[in-house]
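All values derive from a computational prediction rather than experimental measurement. Just so it is clear, the values below take in all heavy atoms, side chains as well, and ignore hydrogens, waters and symmetry mates. Letters A, B, ... mirror the listed sequences (proteins, then strands); counts begin at 1.
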2 protein chains.
Amino acid sequence: MSPAPDVLNQTARIVLAMVAEGHTTGYAIKAEIERSTRLFWGASVGGIYPELRRLVAAGLVAVRDDPRGQTRRHCYSITDEGRAALHAWLTDGSEPLFEMRNEALLRLRFAAVLGPEDRVTLVRRLRALHDERCRLLEERLDEGAFDDVYDRMTAEYALGLNRWAAGWAAAAEARVARE
Amino acid sequence: MSPAPDVLNQTARIVLAMVAEGHTTGYAIKAEIERSTRLFWGASVGGIYPELRRLVAAGLVAVRDDPRGQTRRHCYSITDEGRAALHAWLTDGSEPLFEMRNEALLRLRFAAVLGPEDRVTLVRRLRALHDERCRLLEERLDEGAFDDVYDRMTAEYALGLNRWAAGWAAAAEARVARE
DNA sequence: GTTGCCATGTAAATGGTTACATGATTGG
DNA sequence: CCAATCATGTAACCATTTACATGGCAAC
């Protein structure tokens, strides 16, 4: 009997799914996260490599040495057990994690201690931030950087959310200025 | 010369601001965070009490013993230095932190490995989550739980964001079902 | 008298990021 | 030959959450 793979931690979830999708090296997984999910789910190298080894130890992923010339390289692939764990995670009924750390909004929450100009500056910067994110996402969507259906769908979510936030900030700017 | 108070860490930012706003005990600060900011900026007891002591050590906050009967109690208040640090944070030009961990969206990103029914379930749950959050926020807004201008403004941001996300999920549900 | 709230705190575990360190390969 | 990219890894650090531990006070 395999050692009950506990529940997958945050890094394990995305790493396992990325391996399942065919990203075979730690490096490739990191790159794909940056390209595709970093706006709503990040992970850093320092977590990815150890996690891959843990997943191998748990039997959810298999490794094969696959050097390129003199460069060592590991080729990871998902196992049947890994596929089962991935499916279990994707379909499990527990409330999905949804967390935000929004510093601009926290600042606005305490805007009362500022003078009128500083308040407006605060909201204006919030708006600029979302505008810039929209611009970058639109550019990449136009370039066709998101080819897969679900990859594009989640990118469009990120774009829509930033558009909404930019619009909210524009309205808030007017409200704050009108004092 | 006071030991350059470095930059405020995440917990320090909200704790200092809460003290400035007149929440005088660790307990009260925790309660206020739960009531007002937890949807976009959280903090837990285990961080708040030590942080209050660090802020006192840095001279940004002052303590006074203020027992209630036999119960020890600390009454925290902001110092001039603390006010300056708070103002510096609120007006500083660096890019504000904006992070999200959205598990439902991450699952959708990998929906390709699921069958049609499981995919629809995924999006339906995403929608249900945001609907529920909207319901709770609307209820509290109706009750007048957010009296202060900026407190209400940030609560309305949270409501608006969840409404947008619920709407997006509803549209996505239709798209995913139509396959 | 007992439940729930006010109030403070610590310890251990968890989780994650940053920076550092290394070195081969590819393309210009 | 130089720069960029591919590729792997570790160690130190930072921050935060959870669980535990304690005890008075207020209200029913």
Side-chain angles (χ1 to χ4, degrees), chain A residues 6-16 18-19 23-35 37-38 40-57 61 63-76 95 97-101 103 106, chain B residues 5-16 18-19 23-35 37-38 40-58 61 63-76 95 97-101 103 106:
Chain A
D6 268 288
V7 189
L8 302 168
N9 70 33
Q10 298 194 18
T11 306
R13 292 174 214 173
I14 193 163
V15 169
L16 181 62
M18 285 296 181
V19 171
H23 306 282
T24 58
T25 71
Y27 189 89
I29 290 168
K30 172 64 176 147
E32 177 65 6
I33 290 171
E34 287 310 298
R35 191 196 63 76
T37 72
R38 94 168 167 292
F40 55 89
W41 197 281
S44 52
V45 253
I48 293 168
Y49 287 106
E51 192 55 53
L52 279 164
R53 290 189 297 261
R54 271 194 293 273
L55 288 170
V56 170
V61 155
V63 220
R64 184 167 57 80
D65 277 339
D66 183 26
R68 276 296 174 276
Q70 294 312 102
T71 311
R72 68 180 163 171
R73 190 167 77 157
H74 305 317
C75 179
Y76 294 94
E95 176 146 319
L97 195 144
F98 184 97
E99 278 176 14
M100 220 200 310
R101 278 254 141 152
E103 189 177 7
L106 186 67
Chain B
D6 266 291
V7 190
L8 302 168
N9 71 32
Q10 297 194 17
T11 306
R13 293 174 213 174
I14 193 164
V15 169
L16 181 62
M18 285 297 183
V19 171
H23 306 283
T24 58
T25 70
Y27 189 90
I29 289 169
K30 171 64 176 149
E32 178 64 6
I33 290 171
E34 288 309 298
R35 190 195 65 77
T37 73
R38 91 166 170 293
F40 54 89
W41 198 281
S44 53
V45 253
I48 292 168
Y49 287 105
E51 193 54 54
L52 279 165
R53 290 188 297 262
R54 271 194 292 273
L55 288 170
V56 170
V61 154
V63 221
R64 183 168 59 79
D65 277 340
D66 183 25
R68 275 297 172 275
Q70 294 311 102
T71 310
R72 68 179 163 171
R73 191 167 77 155
H74 304 318
C75 179
Y76 293 94
E95 176 146 319
L97 195 146
F98 184 96
E99 281 176 13
M100 219 200 306
R101 280 257 140 150
E103 188 176 8
L106 187 67

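Following rounding to the nearest Å, Leu97(A) (CG) and dG16(C) (C1') show an atom-to-atom distance of 14 Å. Distance CZ (Arg35(A)) to P (dC6(D)): 14 Å, rounded to an integer number of Å. Nucleotide dT17(D) holds its C1' atom 15 Å from the CZ atom of Arg101(B), rounded to whole Å. Remark: P of dT10(D) and CD1 of Ile48(A) are 14 Å apart, rounded to the nearest angstrom. Rounded to whole Å, atom P of dG16(C) lies 17 Å from atom CE of Met100(B). Look at CZ on Arg64(A): it is 17 Å from C1' on dT8(D), rounded to the nearest Å. For Glu103(A) and dA15(D), the CD to P distance is 13 Å, given to the nearest whole Å. Remark: P of dG16(C) and CG of Leu8(A) are 12 Å apart, rounded to the nearest angstrom.
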>> So if I define the base as every atom that isn't primed, P, OP1 or OP2, how would nucleotides 1-11 of chain C read as a B/S/- string at a heavy-atom cutoff under 4.0 Å?
In response: ----SBBBSB-

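Proximity of Thr24(B) to Val19(B): side-chain heavy atoms (C-beta onward) are nowhere separated by under 4.5 Å. Looking at Arg73(A) and Pro67(A), their side chains never come closer than 4.5 Å, going by heavy atoms from C-beta outward.
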>> Test side-chain contact (heavy atoms from CB on, under 4.5 Å) on Trp41(B) and Arg13(B); report intermediate values, then the result.
In response: CA-CA 10 Å; Trp41(B) 198 281; Arg13(B) 293 174 213 174; 3.7 Å; yes

Got a list of side-chain donor-acceptor pairs under 3.5 Å for residues 47-55 of chain B, not counting sequence neighbours?
{"residue": "Tyr49(B)", "atom": "OH", "partner": "Tyr27(B)", "partner atom": "N", "Å": "3.3"}
{"residue": "Glu51(B)", "atom": "OE1", "partner": "Asn9(B)", "partner atom": "ND2", "Å": "3.2"}
{"residue": "Glu51(B)", "atom": "OE1", "partner": "Arg54(B)", "partner atom": "NE", "Å": "3.2"}
{"residue": "Glu51(B)", "atom": "OE1", "partner": "Arg54(B)", "partner atom": "NH2", "Å": "2.8"}

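Checked against salt bridge (charged side-chain N to carboxylate O under 4.0 Å, His left out), Glu34(B) has the following partners two or more places apart in sequence or in another chain: Lys30(B). Taking the ring pair (Phe, Tyr, Trp, His ring centres under 6.0 Å) definition, one finds that Phe98(A) meets it with His130(B), sequence neighbours left out. In this structure, Arg72(A) has no side chain to side chain contact (heavy atoms under 4.5 Å, CB included) partners at least two apart in sequence or on a different chain.
Between dG16(C) and Gln10(A), a contact under 4.0 Å exists linking OP1 or OP2 to a side-chain N or O. OP1 and OP2 of dA15(D) both lie 4.0 Å or more from every side-chain N or O belonging to Thr11(B).
With the end axes of the helix from dG1(C)-dC28(D) to dG28(C)-dC1(D) each set by five pairs, the angle from one to the other reads 30° at 10° resolution.
For Thr25(B) against Tyr76(B), the heavy-atom pair with the smallest separation is CA-CD1, 4.5 Å.
Between the side chains of Asp65(B) and His74(B), at least one donor N or O sits under 3.5 Å from an acceptor N or O.
Within 4.0 Å (heavy atoms only), Gly69(A) reaches sugar-phosphate atoms of the nucleic acid but no base atom.
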